[in-house]
Amino acid sequence: MPGPAPRLLDHTQLVLRRQHYSIRTESAYLGWIRRFILFHNKRHPRDMAAPEIEDFLTHLAVEAHVAAPTQNQALSALLFLYRRVLGLEVELPLNNVRARRPHRLPTVLSRDEVHHILNNLTGTHQLTARLLYGSGLRLMECLRLRVKDVDFELLQVTVRDGKWSKDRFTMLPESLLPSLSDHLHRVHQLHQRDLELGLGGVALPTALESKYPNAPYDWRWQYVFPARNPSRDPRTGRIRRHHIGPAGLQRAIPRAARLTGITKRVSCHTLRHSFATHLLENGYDIRTVQELLGHSDVKTTMIYTHVLQRGGLAVRSPLDSPVRASPPIRQGIPPAHSSPSPP
């Protein structure tokens with residue numbers, strides 16, 4: 001006799017994991033679905049449809065004052081619930097419901113500003129920030145790096161399962177080799193201590209652990225930036241050492257910018273923006289920069305041509321153009337070198 005049907009959120013979690021959504025997306029989607037149900041006084045989503053979804057999204061925009069990307073994430077979570085979990089097609093006028101993301105230019109730092117910020121950081125925060133700027137990595141791409149993804153011989157970093165589940169290569173700055181090598185030596189010692197205590201395992205992507213049971217304890221699969229303490233894996237319940245969380249660096253970089261006296265709004269992603277802009281300033285081809293950043297469309301990369309050291313659209317103002325010296329022309333008086341007009 002079959003057991004009781006799983007609760008809606010538990011079933012949604014199973015579907016998210018079966019389709020290999022990240023733990024961060026899983027947490028966000030479940031949060032939005034729970035909030036949607038509570039907003040409508042705990043009615044079951046099967047008893048609701050497009051009007052209730054529109055009411056919830058309107059509430060988020062008008063009363064909760066959420067940003068457009070946040071509202072779109074909530075809509076994506078609800079569409080996942082109805083289409084992938086409940087098997088119901090929701091007819092929504094998406095052009096009216098989905099919020100338009102504002103088109104804003106990225107904040108870019110000068111080279112001096114970048115180095116001042118890096119010098120105001122210490123320890124692991126400084127190393128991760130230097131890697132963000134030196135390799136053009138997104139924050140979570142950096143924190144999820146495994147030991148095997150860093151190639152000291154080829155000066156190359158392999159980004160696995162990046163945005164849109166794409167892999168790519170980017171450069172490893174040569175100036176980082178000594179500090180990164182020392183860091184990995186300390187991480188290796190930490191891994192050895194974990195193995196002696198019967199720990200030392202990490203989570204592996206997809207079903208690799210069932211295929212290679214010893215891989216979680218292999219040095220090559222360990223995180224480059226491991227957490228200070230082991231923790232319980234929310235998916236398997238096992239005690240493992242995860243990578244460090246993003247919150248520490250997200251606080252440290254803006255704090256370092258304030259200490260430097262920079263008035264721009266600086267975040268971890270600002271270092272990636274600066275990486276791209278400085279490569280273009282150095283004359284590198286935009287297609288090369290596109291590959292290093294992992295952009296699907298070169299139009300996304302072209303935004304950095306708008307924020308080069310010159311002003312709007314990287315065009316030099318005519319006021320800054322050199323002026324050739326020439327004698328003044330007075331009205332009614334021909335220049336001295338002109339031949340006289342015939343009588």
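Values reported hereafter were calculated over all heavy atoms of this structure, with side chains retained and with hydrogens, waters and symmetry mates removed.
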**OP:** Kindly say whether R287 contributes a backbone atom to a donor-acceptor pair with the side chain of D285 at under 3.5 angstrom?
**Re:** yes
**OP:** Among residues two or more places apart or on two chains, list those pairs meeting salt bridge (charged side-chain N to carboxylate O under 4.0 Å, His left out) that have a residue in residues 125-134.
**Re:** none
Subject >> Side-chain donor/acceptor of K166 to backbone N/O of G294, under 3.5 Å >> reply: yes
Original post:
Any idea which heavy atoms bring K42 and L38 closest together, and the distance?
Top reply: CE-CD2, 3.8 Å
Subject >> Same apolar cluster (I L V M F W Y, side chains within < 4.5 Å links), L155/L145 >> reply: yes
Original post:
With sequence neighbours excluded, what pairs up with F275 under the ring pair (Phe, Tyr, Trp, His ring centres under 6.0 Å) test?
Top reply: none
**OP:** For residues F152 and L184, determine if any side-chain heavy atom of one lies less than 4.5 Å from a side-chain heavy atom of the other.
**Re:** yes
Original post:
Sub-3.5 Å donor-acceptor pair from the side chain of H273 to the main-chain atoms of L109, do we have one?
Top reply: no
Subject >> Heavy atoms of other groups near H185 NE2, more than 12 under 6.0 Å >> reply: no
Original post:
Which heavy-atom pair separates S231 from H242 by the least distance, and what is that distance?
Top reply: OG-CB, 4.3 Å
Subject >> Q19 side chain vs L14 backbone, donor-acceptor pair below 3.5 Å >> reply: no
Subject >> CZ (R251) with more than 12 external heavy atoms under 6.0 Å >> reply: no
Original post:
Is V224 close to D149 at the side-chain level, that is, under 4.5 Å between some pair of heavy atoms?
Top reply: no
Original post:
Tell me, do L57 and L75 make a side-chain contact under 4.5 Å, heavy atoms counted?
Top reply: yes
Subject >> Taking every non-hydrogen atom, the tightest pair across Q290 and S296 >> reply: NE2-O, 3.6 Å
**OP:** Give, for atom CG of N214 and atom CH2 of W221, the distance between the pair rounded to the nearest 0.5 Å.
**Re:** 13.5 Å
Original post:
Should Y284 and L137 be regarded as members of a common hydrophobic cluster, given that ILVMFWY residues are connected when their side-chain heavy atoms come within less than 4.5 Å of each other, either directly or indirectly?
Top reply: yes
Original post:
Are the side chains of Y304 and E281 in touch, meaning some heavy atoms are under 4.5 Å apart?
Top reply: no
Original post:
With no hydrogens and no angle check, is any side-chain donor or acceptor of H40 less than 3.5 Å from a backbone partner on E52?
Top reply: yes
Original post:
Regarding R146 and the six-membered ring of Y223, is the cationic atom NZ or CZ under 6.0 Å from the ring centre and inside 45° of its axis?
Top reply: yes
**OP:** Working to the nearest 0.5 Å, report the span between CG of L118 and OG1 of T260.
**Re:** 9.0 Å
Original post:
Taking side chain as C-beta onward, heavy atoms only, is R258 less than 4.5 Å from I262?
Top reply: no
Subject >> Minimum heavy-atom distance A252-H125, with the two atoms named >> reply: CB-ND1, 3.6 Å
Subject >> Side-chain heavy atoms of R272 within contact of H269, under 4.5 Å >> reply: yes
Original post:
Hey, quick one: are L88 and L81 part of the same hydrophobic cluster, counting side-chain heavy atoms closer than 4.5 Å, chains of contacts allowed?
Top reply: yes
Original post:
Are L30 and L16 close enough, and set up right, to give a side chain to side chain contact (heavy atoms under 4.5 Å, CB included), and what steps lead you there?
Top reply: CA-CA 10 Å; L30 293 176; L16 284 162; 4.3 Å; yes
**OP:** Look at the side chain of R111 and the backbone N and O of H278, then say whether any donor-acceptor pair between them is shorter than 3.5 Å.
**Re:** yes
Subject >> E174, CD: over 12 other non-hydrogen atoms inside 6.0 angstrom >> reply: no
**OP:** Measure the CG-OH distance between L78 and Y29 for me, rounded to the nearest 0.5 Å.
**Re:** 10.0 Å
Original post:
Within the distance-only criterion (no hydrogens, no angle test), does the side chain of S27 pair as donor or acceptor with the backbone N or O of R24 below 3.5 angstrom?
Top reply: no
Original post:
Is a side-chain N or O of T270 found less than 3.5 angstrom from the main chain of S267, in a donor-acceptor match?
Top reply: yes
Original post:
Given side chains that start at C-beta, do those of L172 and L131 come closer than 4.5 Å, heavy atoms only?
Top reply: yes
**OP:** Could you walk me through whether I33 and V85 pass the side chain to side chain contact (heavy atoms under 4.5 Å, CB included) test, one step at a time?
**Re:** CA-CA 12 Å; I33 294 169; V85 180; over 6 Å; no
Original post:
Rounded to the nearest 0.5 Å, what separation is found between the CD1 atom of I23 and the CD atom of Q13?
Top reply: 7.0 Å
Original post:
Does one hydrophobic cluster hold both F80 and L9, with members joined at side-chain heavy-atom distances below 4.5 Å?
Top reply: yes
**OP:** Report the distance from atom CG of D194 to atom CG of L190, rounding to the nearest 0.5 Å.
**Re:** 5.0 Å
Original post:
Would you find a donor on one side and an acceptor on the other, under 3.5 Å apart, between the side chain of S135 and the backbone of T170?
Top reply: no
Subject >> Heavy-atom pair of closest approach, residues Y82 and P45 >> reply: OH-O, 2.8 Å
Original post:
Going through the checks in order, is the side chain to side chain contact (heavy atoms under 4.5 Å, CB included) test met by D167 and R160?
Top reply: CA-CA 5 Å; D167 293 354; R160 308 280 184 185; 4.2 Å; yes
**OP:** Please check if F169 and V150 belong to a single hydrophobic cluster, counting links between Ile, Leu, Val, Met, Phe, Trp and Tyr side chain heavy atoms closer than 4.5 Å.
**Re:** no
Original post:
Is the closest side-chain heavy-atom distance between F225 and H183 below 4.5 Å?
Top reply: yes
**OP:** Start with the C-alpha gap between L60 and F36, add the side-chain angles, then the distance that decides, and say whether side chain to side chain contact (heavy atoms under 4.5 Å, CB included) holds.
**Re:** CA-CA 10 Å; L60 292 180; F36 172 67; over 6 Å; no
Original post:
Between D218 and R220, does at least one N-O distance fall below 4.0 Å, as a salt bridge requires?
Top reply: yes
Subject >> Smallest separation among heavy atoms of V157 and M171, with atom names >> reply: CG2-O, 4.1 Å
**OP:** Look up atom CD in Q73 and atom OG1 in T25, then write down how far apart they are to the nearest 0.5 Å.
**Re:** 7.5 Å
